[in-house]
Trainee: 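So that we are looking at the same thing, I have put the structure below in structure tokens.
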Amino acid sequence: MEAAKLDALINRVGELVISAASSRLHAKQTADSDMIQAVEVLSQLVEGIRDDALNLRMVPISEIFNRFPRMVHDVSARLGKEIELDLVGADTEIDKSMIEKLTDPLMHIVRNAIDHGIEDAASRLAQGKPARGLLRLKAYHDTGAIVVDISDDGRGLNKAAILAKALERGLLPDGRQLSDQEIYKLIFLPGFSTAEQVSDLSGRGVGMDVVRRNIDALRGEIEILSSAGQGSTLRIRLPLTLAIIDGFHVEVGGSSLVLPLDMMAECMDMPCERISRETRQIWLRDSWIPYVSLRELFSLPPCDGPEYVVVAQFGQTTAGIIVDRLVGDIQAVIKPLGTLFRSLHGISGSTIMGNGRLALILDIPQLIQLALKREHRLVEQRQADLTEHDIAPANPAPRSA
């Protein structure tokens, strides 16, 4: 089926979802039990239609993976390298609208892995590795997201070379120690390249910044794992769909916000006795997790009433999000932000509520990353202050991110 026809169907279903939510709200306001029951049945049918329509947009990621065997063969032969391509999870389903937008980033990453990552046969044998390198593309579902891993058993990322190039270009802040992830993510800067020679495959400083931009456009995240001499993995996390999601409605300062339900772990009252405001951390089940206050994020005055914590999870990271009010589950039809707001961090889109009000959809991965960075900075600052004044903490210090 043509993508345009599928998009038109999804748009119609989205309007149906909004109308059903409005009908449910009006039915509750009338307090008519028969009307409420009829609307609940209608809502269940609409939810079924929504799921069926979304399933029509899902296609196996093999539509992308099947393009790589020939490309890997041609590029490796051109570079004189022996490379085995392993495709795992090719039957994993992905939204059809993501297929073309994801293909180019994966092509860039795979070419870089072949050119930069995997060594030639002589170098591999000298290190005790098999002459044939291994390149693996793996797709799977994880906590409401589709994950694509691009792994190789090559030399891994050269942190020293990346730092040297960053220093040469004046990209490093004075006196700040970067984490491994922060160092690795320097390769996504425009024009950044550590290649010593320029070829049609690498060294021109184009490619990885395009990868980052395309993944951001899909509301995705990239994580880099690397071990010197052992290889590296680029992990791409993407939302399952860009159309309609199950969400959770919260309020902050009288404004409605929506969190993707599949990234929520739990909700709880604000634990005032188990919170470190100095380092922005909450004590949860024998460990400290970072948190971000949406009132602070949106520059609102402090809340006079009780607050609540939504514990969100993305991949292996967890963080708390502090809100004023918990409302309940909703179906959110995702509307893209206008051009003026596309660079806005922490917001991935908008939706129309049953009462006709607009609600912003929170970007959980970006909020978690913000919480982790802020926690790391505040913990470092606190430890520096304690060292400077030679004061030992009375209680065990919250963990560093």
Trainee: In chain order, what residues pass the side-chain hydrogen bond (donor to acceptor under 3.5 Å, both in side chains) check against Glu93, with sequence neighbours excluded?
Mentor: none
Trainee: Tell me, do Leu56 and Leu9 make a side-chain contact under 4.5 Å, heavy atoms counted?
Mentor: yes
Trainee: Between Val210 and Asp104, is the side-chain contact (heavy atoms from CB on, under 4.5 Å) condition met? List the steps.
Mentor: CA-CA 9 Å; Val210 177; Asp104 284 346; over 6 Å; no
Trainee: Give me the atom names and distance for the closest heavy-atom approach of Asp153 to Leu134.
Mentor: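 Smallest heavy-atom distance, with atoms named: OD1-N, 2.9 Å.
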Trainee: Flag the pair Leu257 / Val323 as yes when at least one side-chain heavy-atom distance between them is below 4.5 Å, and no otherwise.
Mentor: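 Answer no - side chains too far apart.
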Trainee: State, yes or no, whether a side-chain contact exists between Arg280 and Pro290 at a heavy-atom distance under 4.5 Å.
Mentor: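 They are not in side-chain contact.
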Trainee: Mind checking salt bridge (Lys or Arg N to Asp or Glu O under 4.0 Å) for Arg132 and listing every partner two or more places apart, or none if nothing turns up?
Mentor: none
Trainee: Who pairs with Lys81 by side-chain hydrogen bond (donor to acceptor under 3.5 Å, both in side chains), at least two apart in sequence or on another chain?
Mentor: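 Lys81: no side-chain hydrogen bond (donor to acceptor under 3.5 Å, both in side chains) contacts found.
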Trainee: Taking the side chain as everything from C-beta on, heavy atoms only, tell me whether Val110 gets closer than 4.5 Å to Leu137.
Mentor: yes
Trainee: First locate atom CE of Met263, then atom CD of Gln313, and finally report the distance between them rounded to the nearest 0.5 Å.
Mentor: 10.5 Å
Trainee: Can you sort out the partners of Asp86 under side-chain hydrogen bond (donor to acceptor under 3.5 Å, both in side chains), two or more places apart, ordered by chain and number?
Mentor: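 Residues passing side-chain hydrogen bond (donor to acceptor under 3.5 Å, both in side chains) with Asp86: Arg136.
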Trainee: To check you understand the geometry: which heavy-atom pair defines the closest contact between Ile364 and Ala312, and what is its length?
Mentor: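 Closest approach of Ile364 to Ala312: CG2-CB, 3.8 Å.
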Trainee: Quick one: salt bridge (charged side-chain N to carboxylate O under 4.0 Å, His left out) pairs with a partner in residues 36-52, sequence neighbours left out?
Mentor: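 Sorted pair list: Arg24-Glu40, Arg50-Asp246.
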Trainee: Could you walk me through whether Val258 and Leu360 pass the side-chain contact (heavy atoms from CB on, under 4.5 Å) check?
Mentor: CA-CA 6 Å; Val258 176; Leu360 296 176; over 6 Å; no
Trainee: Which residues pass the salt bridge (Lys or Arg N to Asp or Glu O under 4.0 Å) test with Glu251, not counting sequence neighbours?
Mentor: Arg325
Trainee: Checking the side chain of Arg155 only, and the main-chain atoms of His116 only, is there a donor and an acceptor separated by less than 3.5 Å?
Mentor: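 Here the side-chain-to-backbone pair exists.
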Trainee: With side chain to side chain donor-acceptor pair (under 3.5 Å) as the criterion, how do Thr92 and His141 come out once you've worked through the C-alpha distance, each side chain's angles and the decisive distance to 0.1 Å?
Mentor: CA-CA 7 Å; Thr92 303; His141 289 143; 5.7 Å; no
Trainee: For Lys138 and Ser151, what are the C-alpha separation, side-chain angles and deciding distance, and is it a side-chain contact (heavy atoms from CB on, under 4.5 Å)?
Mentor: CA-CA 8 Å; Lys138 179 180 179 182; Ser151 307; over 6 Å; no
Trainee: Report yes if the side chains of Phe314 and Asp363 come closer than 4.5 Å at any heavy-atom pair, otherwise no.
Mentor: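 Counting from C-beta outward, Phe314 and Asp363 never come under 4.5 Å.
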Trainee: Can you list everything that forms a side-chain contact (heavy atoms from CB on, under 4.5 Å) with Gln230? Sequence neighbours excluded, please.
Mentor: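 Partners of Gln230 by the side-chain contact (heavy atoms from CB on, under 4.5 Å) criterion, ordered by chain and then number, come out as Ser227.
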Trainee: Is a salt bridge present between Lys159 and Glu182, judged by a nitrogen-to-oxygen distance below 4.0 Å?
Mentor: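 Looking at Glu182 together with Lys159, the answer is no, because their closest N to O distance does not fall below 4.0 Å.
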Trainee: Please check if the side chain of Asp152 supplies one atom and the backbone of Ile118 the other of a donor-acceptor pair under 3.5 Å.
Mentor: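 Between the backbone of Ile118 and the side chain of Asp152 there is no qualifying donor-acceptor contact (under 3.5 Å).
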Trainee: Output, in order, the C-alpha distance, side-chain angles, deciding distance and verdict of side-chain contact (heavy atoms from CB on, under 4.5 Å) for Leu261 and Ile245.
Mentor: CA-CA 8 Å; Leu261 192 62; Ile245 62 170; over 6 Å; no
Trainee: Cys267 and Leu326: which non-hydrogen atoms are nearest, and at how many Å?
Mentor: CB-CD1, 3.7 Å
Trainee: Do Met353 and Val327 come close enough that some side-chain heavy atom pair is under 4.5 Å?
Mentor: no
Trainee: Please name the pair of heavy atoms, one in Ile368 and one in Ala319, separated by the smallest distance, quoted to 0.1 Å.
Mentor: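 Between these two residues, the closest heavy atoms are CG1-CB, 3.9 Å.
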Trainee: Has the side chain of Arg67 got a donor or acceptor atom that lies under 3.5 Å from a matching backbone atom of Glu63?
Mentor: yes
Trainee: To the nearest 0.5 Å, how far apart are CD1 in Ile322 and CE in Met270?
Mentor: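 Going from the CD1 atom of Ile322 to the CE atom of Met270 covers 3.0 Å.
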Trainee: Asp91: which residues meet the salt bridge (Lys or Arg N to Asp or Glu O under 4.0 Å) condition with it, sequence neighbours left out?
Mentor: none
Trainee: For Asn55, what residues pass the side-chain hydrogen bond (donor to acceptor under 3.5 Å, both in side chains) criterion, not counting sequence neighbours?
Mentor: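 Per chain and number, Asn55 pairs via side-chain hydrogen bond (donor to acceptor under 3.5 Å, both in side chains) with no residue.
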Trainee: Hey, is CD on Gln37 packed in by over 12 heavy atoms from elsewhere, all under 6.0 Å?
Mentor: no
Trainee: Check this for me, if you would: do Asp74 and Arg78 make a salt bridge, where the nitrogen-to-carboxylate-oxygen distance has to be below 4.0 angstrom?
Mentor: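 No, Asp74 and Arg78 are not salt-bridged.
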Trainee: Regarding Lys129 and Glu119, does a basic nitrogen lie under 4.0 Å from an acidic carboxylate oxygen?
Mentor: yes
Trainee: Look at atom NZ of Lys185 and say whether more than 12 heavy atoms of other residues, nucleotides or ligands are closer to it than 6.0 Å.
Mentor: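 Counting other residues, nucleotides and ligands, NZ of Lys185 exceeds 12 neighbours.
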Trainee: Would you say that Ile224 contacts Phe188 through its side chain, given a criterion of any heavy-atom pair below 4.5 Å between the two side chains?
Mentor: yes
Trainee: Quick one: does any side-chain atom of Asp115 pair with a main-chain N or O of Arg111 as donor and acceptor, under 3.5 Å?
Mentor: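 Side chain of Asp115 to backbone of Arg111: no pair is present.
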Trainee: Got a second to check how far Leu259's CG is from Leu294's CG, nearest 0.5 Å?
Mentor: 7.5 Å
Trainee: Of the non-hydrogen atoms in Ser255 and Arg357, which two are nearest, and what is the gap between them?
Mentor: CA-NH2, 4.2 Å
Trainee: Would you check if Tyr291 and Val309 make a side-chain contact, meaning some heavy-atom pair closer than 4.5 Å?
Mentor: no
Trainee: Which heavy atom in Ser256 sits nearest to a heavy atom in His249, and how many Å separate them?
Mentor: OG-NE2, 3.1 Å
Trainee: Scan for salt bridge (charged side-chain N to carboxylate O under 4.0 Å, His left out) pairs involving residues 217-242, sequence neighbours excluded, and state none if there are none.
Mentor: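 For residues 217-242: Asp142-Arg237, Asp149-Arg235.
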Trainee: Roughly how far, to the nearest 0.5 Å, is the CD1 atom of Ile162 from the OG atom of Ser226?
Mentor: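 The OG atom of Ser226 sits 7.5 Å away from the CD1 atom of Ile162.
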Trainee: Which ring pair (Phe, Tyr, Trp, His ring centres under 6.0 Å) pairs, counting each pair once, include a residue from residues 53-95, with sequence neighbours left out?
Mentor: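 Those involving residues 53-95 do not exist here.
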Trainee: Check whether more than 12 heavy atoms from other residues, nucleotides or ligands sit under 6.0 Å from atom CE of Met35, and answer yes or no.
Mentor: no
Trainee: Can you name the residues that form a salt bridge (Lys or Arg N to Asp or Glu O under 4.0 Å) with Glu307, not counting sequence neighbours?
Mentor: none
Trainee: Report the distance from atom CG of Leu234 to atom CD1 of Ile150, rounding to the nearest 0.5 Å.
Mentor: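 Interatomic distance, Leu234 CG to Ile150 CD1, rounded to 0.5 Å: 6.0 Å.
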Trainee: From Met107 CE over to Leu102 CG, what is the distance, rounded to the nearest 0.5 angstrom?
Mentor: 10.5 Å
